[in-house]
Amino acid sequence: MSETKDFLRTIVEEDLKAGKYEQVHTRFPPEPNGFPHIGHAKSIVLNFGIARDYEGICNLRMDDTDPTKEDMKYVEALKDAVKWLGFDWGEKVYFTSDYFGKLYDYAVDLIKMEKAYVDSLNEEEIREYRGTVTEPGRRSKYAERSVEENLDLFERMKNGEFEEGAHVLRAKIDMSSPNMKMRDPLLYRIRHASHYRVGEGWHVYPMYDFAHCLSDYMEGITHSLCTLEFENNRDIYDWVIETLGLEPPRPYQYEFARLNMNYTVMSKRKLLELVEGNYVNGWDDPRLPTIAGYRRRGYTPESIVTFCEQIGVAKANSTVDVAQLEFCIRDDLNTKVPRVMCVMDPLKVTIVNYEGSELLDASYYPHDVPKEGSRKLPFSKEVYIDRADFSENPPKGYYRLTPDQPVRLKHAYIIACKEVVKDEEGNIVEIKAEYFPDSKSGSDTSGIKVRSAIQWVEVASAKPVEVRLYDRLFKCEAPEGLEDINPDSLKVIKNALVEPAVVDEKPDVRFQFEREGYFYADPVDYRDDAPVFNKIVGLKDSWAKKEKPKPQNKPKQKAQKPVQKEGEVAPMSAEEQGRFDRFTHEYKLNPEVANTLARDAKLADFFDEAVAVYESPVTIANIVANEVAREFKEHPDDALRFGPKEVASLAKMLDEETISSKIAKQVFEEMAKTGKSPETIVEEKDLKQISDPVQIAAVIDDVIAKNPENVAKYKEGNQKLFGFFVGQVLKATGGKANPKVVNDLVREKLEA
RNA sequence: UCGGGAGUAGUUUAGUUGGUAGAACGCCUGGCUCUGAACCAGGAGGUCGCAGGUUCGAGUCCUGCCUCCCGAGCCA
């Protein structure tokens, strides 16, 4: 269960609590027309996760209504992805194509209800007739066809009697709807194509908007979760279900933001471009954000699931930092995989004072990982260390081997550099070193303190391996296209050297190569005689950060107030202006409130009527412009359960200080809900204001006594806590205490 | 231009009758360490898109505005 509830889980929980459904039923409905990526993972984790959290069901459904795009290989890839992530779709995989028969029957029903018609306009005409976002469309003359004719035409469409494009079936909704999607949306189109599953039988195929809602309904889906771009389609979703008069319970659609991540691309088109242009090596290239790519790279399903849970679900478009994903995989692997040593860029070290050889005990796990396991590490006179771990002229703060600074060979001895051997060109080719016999790991009595312990391999026993170092596929955060590809996204090291246990013992398929990162035995290319390891992710490296400080984010010029353009406010009509003048002059209303009232005839009338009952224009105006306005807004179609008269008496109580403004809001809400008069509500709930200082003081004393830390903090200068105390006192009195009195007394007592 | 959505630390987000703006990642310090990792402790970082209004008190309520996303496929 995720730590904080997202808005969808909140909805599910409320629906369940309200008894709207017996059990939650979600679905993950991809179209099998491409390889799933981490964005799909978000949807999978969401849908299956909700089912799991609320003991419901989640279907896996292939939304395969376009015969020209879909393929069985994608179905398999999708199934693999879901399974790999650890979710179970139960008995069977669902296919929209299994519903073609039923869907057809529903379409016939719609025709019989005169809610659908066969349109014979061509594609261009349909577009033209649809209008634009600002102009209404107009209906095709074919919309007037009789039910019989429509039925006949539709059946013949199905039977393949017409050319593609000759006719379509459309819903008869509203060609002037402000929502373009509702301008008689297409329900069926003719396609003389072979469907990858159902074959040749059909010549008409349902559109998404018709098939999806009905598939959801037929499967008993309760919450149909999709991405934001379908917001406009929700109206059709509801229209189809309502028009068909389907028996409840019915599904409802909710939308959430799809996943975006920096330094990568997620769109099908761009991914395809990368694969087909051979910028990467296939759909499972470890640099790709595809499930297959992450899998091949060595990411664990657990880390992906955790990531999806961490980023949450909301409706704001956003781009997640890939660092969050990297954290998840490091965090997961840290407690799971054995540590071994690998030297990427070997530099020979000869330990001049060491003779013979020995096998050293070396644990696979560091002290803080509660796992057992170790191997024998061969050690002798000649070893390799990484070039980066020796420096002849070390920068400040360098911890590793230098001519003056000894270093420990991890699990072995401390060595000190005695001589640097170079070739004619001055390149370092070998280090001659001495070791300290009493510094052996585990029984060190040398007393020598070193800053660092570095990885190494013994020359005689080291095994060559290929290591593939993967970096971000794109060099910028928001890549647009191929031009943003990072030329160094893959670096292959053909002859890295690992300690023998890695390939002889094979304690795991994933390792941490100490001080380098996490690596995975490539599932495709790895062979015993030619091992290949993929870099999953590097270790955090604060030294590298210090060494190569990023190109300083330009001297942040404190984003000097982005002077916001003020938009134009619509001018008032003569009538509105007249009201405005009357309100400001006659009633002395504040111009802001007068403006709100004047521009809304309903509010203005309401206000006038209330003032006629009780002449306190300012108080009434405030209530009308704020509270009443909200009621109108929230219930645009319903009649209000209260009228100007009630508002007038509420204003009266406020003016006479019978109740506080805080309580007035409460009374108003109750009034709006039940229609009772304010007097009755105040009477029934005993909401009269408490202004007696003695009574209030007692409450304050109590609050102060109960919150000594906050009192101290306040006295130290945390002014913001003042509101806390006032709030506590008000809470204790059920909101009835006179806030002005409370404020004065709290200040007095706290300052005392 | 019309309709629908969305704006809270660098990033992703929580914020439930208006009452101390929290978390995770990232960043910075320090400690510990036979991984410059992990771990532990601490810190910086927020004009809650902007401007008004209501209120003793607004991220939360009201009004106006700004910015971004989606929408005129016989794709999904």
Side-chain angles (χ1 to χ4, degrees), chain A residues 3-6 10 30-31 33 63 65-66 68-69 123 126-127 130-135 137 164-165 168 177-181 183 186 188-191 207-208 212 228-232 234 255 257 262 310-312 314-321 323-324 327 330 334-335 339 366-369 397 399 408 410-411 441 444 450-455 512 514-516 539-544 546 561 564-569 590 592-593 595-596 599 622-623 625-627 629-630 633 660-662 665-666 669 710 713 718 720-728 730-731 739-740 742-743:
Chain A
E3 290 147 38
T4 50
K5 234 181 304 160
D6 52 75
T10 305
E31 180 185 16
N33 70 343
D63 202 4
T65 58
D66 184 349
T68 65
K69 292 188 177 160
E123 208 170 334
I126 286 181
R127 188 166 35 243
R130 188 145 36 212
T132 68
V133 288
T134 48
E135 304 154 32
E164 286 191 9
V168 289
S177 170
N179 179 356
M180 295 294 293
K181 297 274 184 204
R183 321 252 258 224
L186 273 60
Y188 271 88
R189 76 288 215 189
I190 297 172
R191 279 290 115 91
M207 302 285 292
Y208 164 86
H212 203 93
L228 253 25
E229 63 268 30
F230 291 99
E231 279 170 331
N232 296 312
R234 189 174 58 232
E255 310 86 15
N262 57 11
Q310 274 185 12
I311 57 174
K315 296 194 74 159
N317 286 313
S318 57
T319 302
V320 177
D321 192 337
Q324 187 103 23
F327 166 79
R330 283 193 197 106
N334 178 40
T335 55
R339 271 64 165 174
H367 61 91
D368 56 346
V369 171
Y399 284 3
R408 175 177 293 281
K410 176 95 183 176
H411 300 301
S441 186
D444 184 357
V450 290
R451 303 298 301 270
S452 187
I454 62 173
Q455 75 274 27
Q512 186 195 100
E514 295 223 34
R515 305 208 305 135
E516 292 286 353
L539 258 26
K540 278 184 69 171
D541 190 348
S542 49
W543 170 246
K546 252 181 230 160
K561 246 206 162 162
Q564 192 167 81
K565 246 194 312 181
E566 273 299 305
E568 265 179 56
V569 177
N590 134 6
E592 306 299 334
V593 174
N595 184 48
T596 304
R599 283 173 180 276
N622 285 338
I623 298 175
N626 290 288
E627 315 300 319
R630 183 180 60 242
K633 199 164 78 171
S660 66
S661 63
K662 186 186 176 76
K665 307 230 177 207
Q666 192 183 324
E669 252 173 61
N710 280 342
K713 273 197 240 166
N718 189 343
K720 278 185 285 188
L721 248 27
F722 187 77
F724 162 76
F725 286 106
V726 175
Q728 289 297 307
L730 251 23
K731 200 171 167 187
K740 283 185 192 121
V742 174
N743 270 277

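Everything numeric in this text was worked out from a predicted model, so none of it was measured. The chains referred to below are lettered A, B, ... by the order of the sequence lines, with proteins before strands, and numbering in each begins at 1.
- Look at NZ on A:Lys540: it is 12 Å from C1' on B:rC39, rounded to the nearest Å.
- When base pairs are accepted only as Watson-Crick or G-U wobble with both N-N or N-O distances under 3.5 Å, RNA chain B takes part in stems of 3 or more pairs at B:2-7 with B:66-71, B:10-13 with B:22-25, B:27-31 with B:39-43, B:49-53 with B:61-65.
- With hydrogens and angles left out, the side chain of A:Asn232 and the base of B:rG3 share a donor-acceptor pair within 3.5 Å.
- Qualifying side chain to side chain contact (heavy atoms under 4.5 Å, CB included) partners for A:Glu592, counting only residues two or more places apart in sequence or in other chains: A:Asn590.
- For A:Thr132, the side chain to side chain donor-acceptor pair (under 3.5 Å) test picks out A:Thr134, with sequence neighbours left out.
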Task: Sugar-phosphate or base contact per nucleotide [nucleotides 5-13 of chain B; S, B, -; heavy atom under 4.0 Å] - done: SS----SSS
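- For A:Lys410, the salt bridge (charged side-chain N to carboxylate O under 4.0 Å, His left out) partners at least two apart in sequence or on another chain are A:Glu514.
- As rounded to whole Å, 14 Å separates atom C1' of B:rG52 from atom CG of A:Asn622.
- Under the side chain to side chain donor-acceptor pair (under 3.5 Å) criterion, A:Glu627 pairs with A:Arg630, A:Lys665, not counting sequence neighbours.
- Rounded to an integer number of Å, the gap from CG of A:Asp541 to P of B:rG26 is 14 Å.
- When distances are taken from the side chain of A:Lys181 to each of B:rA76, B:rG19, B:rU20, the shortest belongs to B:rA76.
- Atom P of nucleotide B:rA37 and atom CZ of A:Arg339 are separated by 13 Å, given to the nearest angstrom.
- A donor-acceptor contact under 3.5 Å is formed by the side chain of A:Lys662 with the base of B:rG19.
- Shown here are the side chain to side chain donor-acceptor pair (under 3.5 Å) partners of A:Asn334, two or more places apart in sequence or in another chain: A:Arg339.
- Put simply, NZ on A:Lys720 is 11 Å from P on B:rG59, counting in whole angstrom units.
- When the P atom of B:rG36 is taken as reference, atom NZ of A:Lys546 falls 12 Å away, rounded to whole Å.
- When the C1' atom of B:rA24 is taken as reference, atom CZ of A:Phe327 falls 8 Å away, rounded to whole Å.
- Atom pair A:Glu568:CD and B:rU1:P shows a separation of 11 Å (rounding to whole Å applied).
- Under the rule for a side chain to side chain donor-acceptor pair (under 3.5 Å), the partners of A:Asn179 that lie at least two apart in sequence or sit in another chain are A:Asp235.
- Residue side chain A:Gln455 does not reach the base of B:rU35 through any donor-acceptor N/O pair under 3.5 Å, judged by distance alone.
- Contacts of A:Asn262 classified as side chain to side chain contact (heavy atoms under 4.5 Å, CB included), with partners at least two apart in sequence or in another chain: A:Thr319, A:Asp321, A:Val322, A:Glu477.
- Set against B:rC75, B:rC2, B:rG26, the side chain of A:Val133 has B:rC2 as its closest nucleotide.
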